[in-house]
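In what follows, every chain begins at residue 1, and chains take the letters A, B, ... in the order their sequences are listed.
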Protein chains: 2
Amino acid sequence: MTTPAMTTENAARGALDDFLCFGVYSTGLAFNRLYKPLLDRYGLTYPQYLVMVALARRDDQTVGELGGQLFLESNTLTPLIKRLEAAGFVTRQRDTADERVVRVRLTQRGQSVAQDVSTCVPAELMEAVGISIEEIAALNQSLVTLREKLQRAA
Amino acid sequence: MTTPAMTTENAARGALDDFLCFGVYSTGLAFNRLYKPLLDRYGLTYPQYLVMVALARRDDQTVGELGGQLFLESNTLTPLIKRLEAAGFVTRQRDTADERVVRVRLTQRGQSVAQDVSTCVPAELMEAVGISIEEIAALNQSLVTLREKLQRAA
DNA sequence: TGCGATTAAATCGCGTGCGATCTATATGTA
DNA sequence: TACATATAGATCGCACGCGATTTAATCGCA
C-alpha cells in the first residue's frame with residue numbers, strides 16, 4: 001500500500017503508533033484541535049472548559065477540590081481561574097471559616113455559559129465525529145482504568 | 001461506598017470521568033508524570049523523547065517529516081529541536097538541494113541516547129504499570145482509530 | 001526570463017503543566 | 001499560650017502547543 005506520496009513527508013506517518021503513550025498524547029492533541037473552534041465561541045480554553053463543567057455540576061468549590069477532579073494543582077489552576085474571573089465567569093473568595101481556602105463560584109453569566117458548554121459542546125462534537133455512545137463508554141472505561149494504573153505506578 | 005474522606009476534597013473525584021475527552025486528557029497527564037522521572041535521567045522532556053524515538057527509527061529527517069509523525073508544526077518543533085541541538089543530541093542543517101528545508105540528524109551521543117530511550121524506557125514503564133501487551137495493543141488501536149475520526153471531523 | 005503563488009521553517013505572544021519555592025493560615029502538642 | 005508542623009494557595013521560571021505572522025527559497029506559468 002505504499003503510494004508515491006508516502007515516499008516523502010508522509011513516509012513515516014504513523015511511525016510512533018506502536019506506543020500507547022503516543023496514542024494517548026496524539027489523540028489529546030486531536031481532541032484539543034477539534035474542541036478549539038467551538039470553545040473559541042465562548043472565549044474558553046480546553047482546561048478552562050473543564051473547570052466550567054466541574055462548576056456546573058457542583059458550584060462553590062475550592063481550588064483544591066477542582067484540582068482533585070482535574071488532576072491539577074494550584075500552580076496551574078490559580079492563574080487559570082484568575083483568567084476565568086477576569087472574563088467574568090467566576091468569582092474567587094477566601095473562605096471566612098478557613099482563610100487558607102479560596103472558594104470559586106460561577107457568576108450568573110458563568111452559569112449560563114457552563115450550562116451551554118456542558119451539554120451542547122460534547123453532543124455536537126461526538127455527533128460530528130461519528131462514534132457511538134457504546135464505543136465512547138467502553139474506550140473511556142479502558143482509559144480511566146489505565147489512568148489509575150499509571151497513577152499507582154507513579 | 002461513600003467514605004467520610006469523600007465528603008470533602010475527594011467528594012467529586014471522577015466527576016468528569018463520563019467525558020471521553022477528559023479520559024484522554026487526564027491519562028495524558030498521568031503518562032507524562034510517569035515518564036518524567038525516567039526522562040529526567042536523560043535530560044529529555046516527553047515531546048523531545050518522541051523526536052528522539054522518531055530519529056532512532058529513521059535518522060536525517062526534516063522538520064516537516066518529524067512534524068508529520070508527531071502531529072506538530074514548526075512553531076512547536078523548531079524551538080524544541082534547537083534545545084536538542086543545544087544539548088548535543090542532534091544537528092540541524094539546511095538541505096543544500098532545497099535551502100528551505102532543515103535536516104535533523106542524531107549526533108553520536110544522540111544515537112546512543114535514542115537507542116536507550118527507544119527500548120529501555122517503554123519496557124520499564126509498562127512492566128511497572130502492570131498491563132499486558134494485548135491490552136496495550138487493543139487500547140492503542142482504539143485510540144488511533146479515534147484520532148483519525150477526530151482529524152477527519154476537524 | 002520574470003513574477004506571483006506556494007512552501008518550509010522561524011518568530012512571537014499567550015495559555016497551560018509543573019517543579020520549586022514562598023506566604024499565610026490553621027493545627028497540634030508541650 | 002508558644003512554637004514547630006502541616007496545609008491551601010500563590011508565585012516564578014521553563015518547556016510545550018498553537019494561532020498569526022514573517023522570511024526565505026522554490027515553483028509555476030505566461
Of the listed D:dA10, C:dA8, C:dA9, the closest approach to the B:Arg100 side chain comes from C:dA8
Quick one: CZ on B:Arg92 to OG1 on B:Thr78, what's the gap to the nearest 0.5 Å?
6.5 Å
Expressed as a whole number of angstroms, how long is the span from B:Glu99:CD to C:dA10:P?
13 Å
When we call it a touch if two heavy atoms are under 4.0 Å apart, what does A:Leu29 touch: a base, just sugar-phosphate, or nothing?
sugar-phosphate
Nearest whole Å is fine: how far is C:dA8 P from B:Leu66 CG?
14 Å
I'd like to know whether A:Ser26 forms a side chain to side chain donor-acceptor pair (under 3.5 Å) with B:Arg147, so could you lay out the CA-CA distance, the side-chain angles of the two residues, the decisive distance to 0.1 Å, and finally the verdict.
CA-CA 7 Å; A:Ser26 56; B:Arg147 187 186 68 205; 2.7 Å; yes
Could you tell me whether the side chain of A:Asn75 has a donor or acceptor atom within less than 3.5 Å of a complementary atom in the base of D:dG9?
no
Per the atom types in the model, does the base of D:dG17 pair as donor or acceptor with the side chain of A:Asn32 at under 3.5 Å?
no
Atom-pair distance (CG on B:Asp40; C1' on C:dG19), nearest Å
9 Å
Base, sugar-phosphate or nothing for B:Thr76? Non-hydrogen atoms, less than 4.0 Å.
base
Taking atom C1' of C:dG19 as reference, at what distance in whole Å does atom CG of B:Leu39 sit?
15 Å
How would you label the contact of A:Leu77 with the nucleic acid (heavy atoms, under 4.0 Å): base, sugar-phosphate, or nothing?
nothing
With the side chain of A:Val101 defined as its heavy atoms from C-beta on, choose the nearest nucleotide among D:dG9, C:dG17, C:dT7.
D:dG9
Of the listed nucleotides D:dG19, C:dA10, D:dT26, the one nearest the side chain of B:Arg92:
C:dA10
Residue whose closest nucleotide on DNA chain C lies nearer the 5' end, A:Asp98 versus A:Arg83
A:Arg83
Integer-rounded Å distance: C:dG17 P and B:Arg33 CZ:
9 Å
Starting at the 5' end of DNA chain C, which residue's closest nucleotide do you reach first, B:Arg103 or A:Tyr46?
B:Arg103
Side chains of B:Ser132 and B:Glu135: do they bring a donor and an acceptor to under 3.5 Å?
yes
Within this structure, what is the OH-to-C1' distance between B:Tyr35 and C:dG19, rounded to whole angstrom?
21 Å
Distance criterion of 3.5 Å, no angle test: do you see the side chain of A:Ser74 paired donor-to-acceptor with the base of D:dA8?
no
When all nucleic acid strands are considered with a 4.0 Å heavy-atom cut-off, which category describes B:Glu73: base, sugar-phosphate, or nothing?
nothing
Which nucleotide in the list D:dG9, C:dA10, D:dC18 gets nearest to the side chain of B:Leu72?
D:dC18
How about A:Tyr25 and B:Phe31: are their ring centroids closer than 6.0 Å?
no
